[in-house]
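Working notes for the structure below.
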Amino acid sequence: MFLNPRLKSHDLLFYDALEKRSELTKQENRRHAATLKGFEGECLYDEIFNDVGHGDVLVYRDLYIKIGESVTQYDALVIDDEGIAVNEIKNYTGDYKVEGGDWYRAGRRISEDPVAQLNRAVGKLIGLRNAANSSFRVSGKLIFPSDDFYLHTDDNSLWSKIVVRSDLRRYFRQFRGGKIGNKSQFIVRLLSEHIAENPYFKSDVDETRLRKGVYCEQCSSYNLLKTRFHFTCTECQSKMTNETLLLRALSDYKYLFYGKPMTRVSFMNFIGHSLTFKVVYRILLKHCYVDRKGKKTTYTFKYRNFEEAISKAELYFKYKDHLKG
DNA sequence: AGTACCGTGTCAATATGGAG
DNA sequence: CTCCATATTGACACGGTACT
């Protein structure tokens with residue numbers, strides 16, 4: 001049973017927004033692609049786990065756990081009465097080689113050490129367990145969900161630490177018949193008491209490089225015609241409500257200037273004054289928490305991101321989007 | 001006190017979506 | 001298709017706050 005949803009990371013949402021509003025540098029493009037690939041690997045993991053079934057275990061996904069002064073990120077934690085299995089998901093593709101403990105791809109040493117990462121993640125949980133004077137088991141596996149991943153190694157002990165795609169279903173099936181009782185409840189409570197926010201994520205882009213305005217949901221074009229209630233894209237003829245495009249802009253703003261308070265003036269500037277202040281103001285009241293400070297009133301987007309905002313069932317929009325294609 | 005914003009309210013007009 | 005209810009808009013107005 002999945003305990004929480006799999007969500008795009010802050011980094012991915014940041015690059016998604018930045019890509020829509022500026023030219024990415026080569027390095028940003030690489031970071032974006034790597035982040036997206038990682039997320040796709042996690043989704044693939046979820047998909048296969050769903051298919052095999054996870055009714056006999058509890059699964060946490062994308063968790064940041066604060067232990068002592070440090071925060072550790074976990075892609076997936078599989079919990080039953082036996083203990084916790086840490087699954088570190090690596091969406092590697094292509095030929096990899098491990099020699100003398102070092103990882104190579106296409107002959108080049110890669111920048112991360114998956115085994116060390118896994119050991120560190122497992123060690124942190126063992127520390128948490130010991131501090132709680134408990135006795136459950138903490139194990140760990142490196143999961144490679146891509147069917148295009150090949151590993152060659154001189155170290156046969158490595159295979160016990162990894163699960164490749166062809167073994168993944170069998171690995172998940174091992175969790176069948178697991179018990180979810182008091183011990184599991186204890187572990188979940190222990191973990192939930194230490195859940196933290198992503199402490200590494202900071203963003204503060206140079207405003208001048210950003211394209212101001214609102215853009216088409218369908219094709220990302222900024223060439224939009226304003227009509228009452230809607231914008232119509234001149235490229236793909238999609239028709240979108242003011243509210244949809246403003247929610248997208250609010251979501252972009254949140255991740256491009258993460259943690260920085262947003263004023264109405266700065267947001268109006270962000271969208272290039274493509275709508276009148278009153279329309280924007282009403283949207284802000286509807287979708288933001290308002291911190292009234294006289295002239296310096298700030299607004300905080302209520303939702304995690306755009307997708308969450310439009311999926312909220314309690315929201316009702318009279319006017320609809322008409323996306324083409 | 002004066003100024004420049006910012007926030008809030010009212011209300012007629014109307015494009016839209018859905019019902020008939 | 002036509003018609004109707006109404007959510008949203010835009011104009012106009014007013015009160016409040018921060019700063020000089």
Side-chain angles (χ1 to χ4, degrees), chain A residues 5 7-8 10 13-14 16-22 197-198 201-325:
Chain A
L7 300 168
K8 286 186 174 185
H10 285 57
L13 291 167
F14 168 77
D16 282 351
L18 190 62
E19 186 193 35
K20 291 283 169 51
R21 292 189 173 271
S22 69
E197 280 292 298
N198 180 352
F201 185 72
K202 298 274 186 314
S203 71
D204 193 6
V205 294
D206 174 13
E207 255 183 86
T208 57
R209 68 181 283 208
L210 294 179
R211 181 125 191 215
K212 305 295 193 292
V214 291
Y215 56 85
C216 175
E217 269 306 306
Q218 183 67 32
C219 72
S220 305
S221 166
Y222 282 76
N223 299 322
L224 305 176
L225 286 177
K226 183 77 193 86
T227 51
R228 202 176 176 191
F229 308 116
H230 291 95
F231 285 92
T232 303
C233 177
T234 57
E235 305 289 332
C236 73
Q237 313 306 317
S238 290
K239 197 170 152 190
M240 295 140 293
T241 65
N242 297 340
E243 193 154 12
T244 299
L245 294 190
L246 284 178
L247 284 172
R248 172 62 73 184
L250 279 167
S251 180
D252 285 355
Y253 193 105
K254 172 174 175 175
Y255 288 96
L256 291 172
F257 305 104
Y258 198 79
K260 283 177 78 182
M262 182 182 75
T263 62
R264 212 196 60 211
V265 170
S266 65
F267 185 65
M268 286 299 287
N269 184 39
F270 186 68
I271 62 168
H273 298 82
S274 46
L275 283 159
T276 63
F277 116 83
K278 196 62 180 289
V279 173
V280 173
Y281 170 65
R282 282 192 276 243
I283 296 292
L284 289 176
L285 285 192
K286 188 171 170 189
H287 299 294
C288 296
Y289 298 114
V290 186
D291 183 11
R292 288 171 216 284
K293 286 184 291 210
K295 270 172 79 168
K296 297 194 186 73
T297 296
T298 58
Y299 302 85
T300 314
F301 196 36
K302 273 184 192 173
Y303 319 102
R304 183 185 159 79
N305 62 358
F306 174 77
E307 281 72 18
E308 185 189 294
I310 55 168
S311 69
K312 284 277 171 184
E314 70 262 29
L315 293 182
Y316 171 72
F317 310 113
K318 169 165 181 166
Y319 300 111
K320 312 291 185 193
D321 296 331
H322 306 277
L323 302 183
K324 298 284 170 76

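Every chain is numbered from 1, with letters handed out A, B, ... down the list of sequences.
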[X] bridged to [Y] by N-O distance under 4.0 Å:
X	Y	answer
A/Glu307	A/Arg248	yes
A/Asp16	A/Lys8	yes
A/Asp204	A/Lys202	no

Do the side-chain N or O atoms of A/Thr297 get closer than 4.0 angstrom to the phosphate oxygens (OP1, OP2) of B/dG7?
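Answer is yes, contact under 4.0 Å.
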Does one side chain, of A/Asn198 or A/Tyr258, offer a donor that lies under 3.5 Å from an acceptor on the other?
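Result is no, nothing qualifies.
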Considering non-hydrogen atoms only, spot the tightest contact between A/Tyr255 and A/Phe14 and give its length.
O-CD1, 3.1 Å
How far apart are the closest heavy atoms of A/His230 and A/Lys226, and which atoms are they?
O-NZ, 3.1 Å
Taking donor-acceptor contacts at under 3.5 Å, does the side chain of A/Lys318 reach the base of C/dT8?
no
Select one nucleotide: of [options], the one nearest the side-chain heavy atoms of [X].
X	options	answer
A/Tyr319	C/dT8, B/dG18, C/dG10	C/dT8
A/Val265	C/dT9, B/dC6, C/dA7	B/dC6
A/Tyr281	C/dG10, B/dT8, B/dG17	B/dT8
A/His322	C/dT6, C/dG10, B/dG17	B/dG17
A/Arg228	C/dT9, B/dG7, C/dT6	C/dT9
A/Arg264	B/dG7, B/dT8, C/dG10	B/dG7

Would you say the rings of A/Phe301 and A/His287 are close, in the sense that their centroids are separated by under 6.0 Å?
no
Measure [atom1]/[X] against [atom2]/[N] and give the value in whole Å, please.
X	N	atom1	atom2	answer
A/His230	B/dA15	NE2	P	13 Å
A/Asp291	B/dC6	CG	P	16 Å
A/Phe231	C/dT8	CZ	P	16 Å
A/Glu243	B/dG17	CD	P	13 Å
A/Leu285	B/dG9	CG	C1'	12 Å
A/Met240	B/dA15	CE	C1'	17 Å
A/Asn242	C/dG10	CG	C1'	12 Å
A/Arg282	B/dT8	CZ	C1'	11 Å

Checking all strands, does A/Thr227 fall into the base, sugar-phosphate, or nothing category for heavy-atom contacts under 4.0 angstrom?
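Nothing: the residue A/Thr227, judged by heavy atoms under 4.0 Å, touches no strand.
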Using a heavy-atom cut-off of 4.0 Å across all strands, would you classify A/Tyr299 as base, sugar-phosphate, or nothing?
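Counting heavy atoms under 4.0 Å across all strands, the contact made by A/Tyr299 is with sugar-phosphate only.
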Taking the nucleotide of DNA chain B with the closest heavy atom to each, which residue, A/Lys320 or A/Arg292, is nearer the 5' end?
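Going by which nucleotide is closer to the 5' end, it is A/Arg292.
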What does the list of N/O pairs under 3.5 Å between the protein and nucleotides 12-20 of chain C look like, with a distance for each?
| from | atom 1 | to | atom 2 | distance (Å) |
| --- | --- | --- | --- | --- |
| C/dC19 | OP1 | A/Lys296 | NZ | 3.1 |

With a distance cut-off below 6.0 Å to the six-membered ring centre and an angular limit of 45° from the axis, does A/Arg228 pair with A/Tyr319 as a cation-pi contact?
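No, A/Arg228 does not lie over the aromatic ring of A/Tyr319.
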